[in-house]
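Along the sequence shown, residues carry numbers from 1.
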Amino acid sequence: MIRRLAAILAADVVGYSRLVGADEEGTLARFKALREELIDPAIARHDGRIVKTMGDGVLVEFPSVVDAVRNAVEVQRAVTVREADMPEDRRIAFRVGINLGDIVIDGDDILGDGVNVAARLEGLAEPGGICISAAVFEQIKGKAEIDCEDQGEQRLKNIAEPVRVFRIILDSGPTAAKAAKANAPDTDSRSKPSIAVLPFDNMSDDPEQAFLADGLAEDIITALSKLSELFVIARNSSFAYKGQSPDIRQVAEELGVQTVLEGSVRKAGNRLRITAQLIEAATGHHLWAERYDRDLADIFDLQDEITGEVVTALQVQLTEGEQVAIRRRQTKNMAAWESYSRGLNLLRRFNRQDNARARDLLERAVELDPDFAVAWSLLGWSHYNDVRFGWTKEADVLETADVFAKRSLSLDDAQPDAHAVVGLIALIRRQFEEALSYGERAVELGPNIADCYTTLAMTLVYCGRPEEALGRIEQAMRLSPFYSGWYLGIAGLVYRALGRFDEAIAGEKERMRRNPDNIFSDFRLAAIYEETGRNDEARAHVAQALLKHPHLTLRQIRISEVYRDDAQLDAYLDLLRSAGMPE
């Protein structure tokens, strides 16, 4: 048996199964390119030896601890830059663990506790991060210009003694820092019971019945999101796993939750078979599971039953108001609910065509059930979107949005979405105190609804309170780790107001990559570049905005960029004027 001391590096891809499930060919091609162009050459430069690869993972031996650490830092920074243009939920990111220890040589393989500790350290690292043992830390002190943060002693699986762990602090740019922060569970998700509700599987022969499964999961998320003592991942993040069979522990790790609810729906005629199970991610144990065989007409009662069972299993204490809120019946009209569910899916795509299709379905929903409060709320959103994104020239659309949203509140004053949209309408009208009041009430009623935090963040930054806005948009991103381009746009507004221009630029560029037709990012980038002396880039973005919307003027921007402080608005418009925006 041959032994020697070595530095061992273990790495693997975060969420590899989910990435491959979403885009197998693209992920495999990018992973191969990263190996061939970045990772393997870096290992060779630092005298490392690839011991073995394990699908999405790699085990590497280095004769020098300093070389092992420098290699890891170089690769993590390079991968972050390389993947920056990919959507948040499609990026390849590695976790890395490094240990210095005694290893046993077995042919070309290496074995022993030294290897096992490296593998366990890799599991502790955050996406894009590096964790090292105390033995490694002692060797690199004073030899590598790298900052570390002491994580204390950690119990590692199948390792007899606790290991003191250090996290390497990587300065890999604003986009990576923001992504890591957004994907890390916050204090709420650690101190409260936390849950992600995955899209229920449609087991029916007819794919058109998928709305039943989606609608059931959606309504459960909505009900749970109203509970202040629970941390609930937003629908657009948990639904990223639709059509996949993800590993529950991986889901929980990526979304930062302790429990996951999954289930299935099978419809045959007017009969439903629904299964649901609440799983503790750390152990894989079922906290609760049930199968229901019911009539289709019972689906609304089933939503209440499943929600109640989840709350009981998680031992969440409800206030009297919350008990009423999660059982508040929206509609008993199945056709209205179907139109609403289909319209909701389209509304969240944030493009002109789907917004119009969503409005048709939501109009049908309130026609079938005039007392369907949440459908009125979303109908108001569809008209607001037309105004906000410049999809209409009709003068009375904003008034129509206001009427519909307030109709929702007259039917049910506890609708968070309705408060949010009424607040945004007030903001466009420059009724700032009313906008803040409605925005704060939306968050109060929906403490887990990410969109409400985002709308309040936008209101706060326009009202000259960017420090508060930052906390709100960061909370939105924690509730919805796979956040949309809209969130990035609000984050860009906040970062610019705080003078954090690099982060603002990174956010706006990522939003443009996801939503190329949006013009807000163009003129916001133009203002930042003009302000920081990058005049050519500023003019290029103004030209790009005018290509998309040839009739865009400063007068229109004055209407859409509703800063409370006139001097702040005038300074912003002056920057755009200097960059070539017409009056």
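Side chains of Tyr462 and Glu561: a donor-acceptor N/O pair is present below 3.5 angstrom, by distance only. A side-chain N or O of Glu149 and one of Gln151 form a donor-acceptor pair less than 3.5 Å apart. For the 3.5 Å distance criterion, the side chains of Tyr241 and Glu254 qualify, holding a donor opposite an acceptor. Residues Arg478 and Gln475 have side chains that bring a donor and an acceptor to within less than 3.5 angstrom of each other. With 3.5 Å as the limit, one finds no donor-acceptor pair spanning the side chains of Asn355 and Ser382. Looking at Asp451 and Tyr487, their side chains do bring a donor and an acceptor atom within 3.5 Å of each other.
With Arg164 contributing its side chain and Gly152 its backbone, the two residues share no donor-acceptor pair below 3.5 Å. In terms of modelled atom types and a separation under 3.5 Å, the side chain of Ser410 and the main chain of Arg407 share a donor-acceptor contact. With hydrogens and angles disregarded, a donor-acceptor distance shorter than 3.5 Å links the side chain of Thr532 to the backbone of Ile528. A donor-acceptor pair under 3.5 Å links the side-chain atoms of Trp381 to the main chain of Asp417, judged by distance alone. With hydrogens and angles disregarded, a donor-acceptor distance shorter than 3.5 Å links the side chain of Thr259 to the backbone of Ser194. Using modelled atom types, one side-chain atom of Gln556 and one backbone atom of Thr553 make a donor-acceptor pair closer than 3.5 Å. The backbone N or O of Thr455 lies less than 3.5 Å from a partner atom in the side chain of Thr459, making a donor-acceptor pair.
Gln544 CD to Glu537 CD: the interatomic distance, rounded to the nearest 0.5 Å, is 12.0 Å. To the nearest 0.5 Å, the span separating CD on Glu229 from CG on Leu227 amounts to 9.0 Å. One distance of note links CG of Asn385 with CG of Leu424; it measures 9.5 Å at 0.5 Å rounding. Taken to the nearest 0.5 Å, the CG atom of Leu224 stands 7.5 Å off from the CD1 atom of Ile220. Separating the OG1 atom in Thr80 from the CZ atom in Phe94 is a distance of 10.5 Å, to the nearest 0.5 Å. Summarising the geometry, atom CG belonging to Leu479 is positioned 9.5 Å from atom CD1 belonging to Ile449; distances are rounded to the nearest 0.5 Å.
Looking at every heavy atom in both residues, Glu530 comes nearest to Ala538 through OE1-CB, 3.4 Å. Residue Phe482 comes nearest to Ser237 through the heavy atom pair N-OG, 2.9 Å, listed as atom of the first residue, atom of the second, then distance. Listed here is the closest heavy atom pair of Gln76 and Val96: NE2-CG2, 3.7 Å. A pairwise comparison of heavy atoms in Pro416 and Lys226 identifies CD-CE, 4.4 Å as the closest pair. When all heavy atoms are compared, the tightest approach of Gln250 to Gly15 is NE2-N, 3.1 Å. The shortest non-hydrogen separation linking Ala527 to Leu575 is O-CD1, 3.7 Å.
Geometric assessment of Arg235 against the ring of Phe239 yields a positive cation-pi assignment under the 6.0 Å and 45° thresholds.
For the side chain to side chain contact (heavy atoms under 4.5 Å, CB included) criterion with Ile233, the lone passing option out of Leu255, Val260, Asn448 is Leu255. Applying the side chain to side chain contact (heavy atoms under 4.5 Å, CB included) test between Ile130 and each of Val73, Val136, Leu121 identifies Val73 as the sole match.
Ring pair His541/Tyr529: centre-to-centre distance below 6.0 Å.
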Next item on the list: Test side-chain contact (heavy atoms from CB on, under 4.5 Å) on Val387 and His383 and set out the steps.
Entry: CA-CA 7 Å; Val387 176; His383 287 278; over 6 Å; no
Next item on the list: For the pair Arg95 and Glu253, evaluate salt bridge (Lys or Arg N to Asp or Glu O under 4.0 Å) and give the outcome as yes or no after the intermediate values.
Entry: CA-CA 12 Å; Arg95 288 188 177 89; Glu253 184 179 357; 2.6 Å; yes
Next item on the list: Apply the test side-chain contact (heavy atoms from CB on, under 4.5 Å) to residues Ile195 and Phe231: give CA-CA distance (whole Å), side-chain angles for both, the deciding distance (0.1 Å), then the verdict.
Entry: CA-CA 6 Å; Ile195 186 171; Phe231 182 89; over 6 Å; no
Check: Checking side-chain contact (heavy atoms from CB on, under 4.5 Å) for the pair Leu436/Arg564: CA distance, chi angles, key distance, verdict?
Finding: CA-CA 12 Å; Leu436 285 167; Arg564 185 173 196 166; 4.3 Å; yes
Item checked: Met458 and Ile490: CA distance, side-chain angles, deciding distance, side-chain contact (heavy atoms from CB on, under 4.5 Å) verdict -> CA-CA 6 Å; Met458 182 165 72; Ile490 305 304; 3.5 Å; yes
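Using a 4.5 Å heavy-atom cutoff, the side chains of Val374 and Ser408 are not in contact. Contact of the Tyr495 side chain with the Ile505 side chain is not registered, since no non-hydrogen atoms from C-beta on lie closer than 4.5 Å. Proximity of Arg577 to Asp574: side-chain heavy atoms (C-beta onward) are separated by under 4.5 Å at one or more points. Inter-residue side-chain proximity for Leu411 and Trp376 is flagged as met; some heavy-atom pair is nearer than 4.5 Å. Side chains of Arg524 and Arg511 form a contact here, defined as non-hydrogen atoms less than 4.5 Å apart. The shortest side-chain heavy-atom distance between Leu552 and Phe523 falls under the 4.5 Å cut-off. A 4.5 Å side-chain heavy-atom check between Arg429 and Leu398 finds at least one atom pair inside the cut-off. No side-chain heavy atom of Ser480 sits under 4.5 Å from any side-chain heavy atom of Thr454.
Judged as a side chain to side chain donor-acceptor pair (under 3.5 Å), and not counting sequence neighbours, Tyr563 has no contacts.
In summary, Asp536 and Arg539 do not engage in a salt bridge, as defined by a charged side-chain N under 4.0 Å from a carboxylate O. Ionic pairing of Arg167 and Glu126 is present here: one or more N-O contacts between side-chain nitrogen and carboxylate oxygen are shorter than 4.0 angstrom. A salt bridge links Arg359 to Asp386: at least one charged side-chain nitrogen sits closer than 4.0 Å to a carboxylate oxygen. Ion pairing between a basic and an acidic side chain is recognised when a charged N comes within 4.0 Å of a carboxylate O; Arg430 and Asp566 show such pairing.
Ring geometry, Tyr438 versus His419: the interplanar angle falls from 30° to 60°, so the pair is classed tilted.
Applying the 6.0 Å contact sphere to CG of Asp396 captures more than 12 heavy atoms from other residues, nucleotides or ligands.
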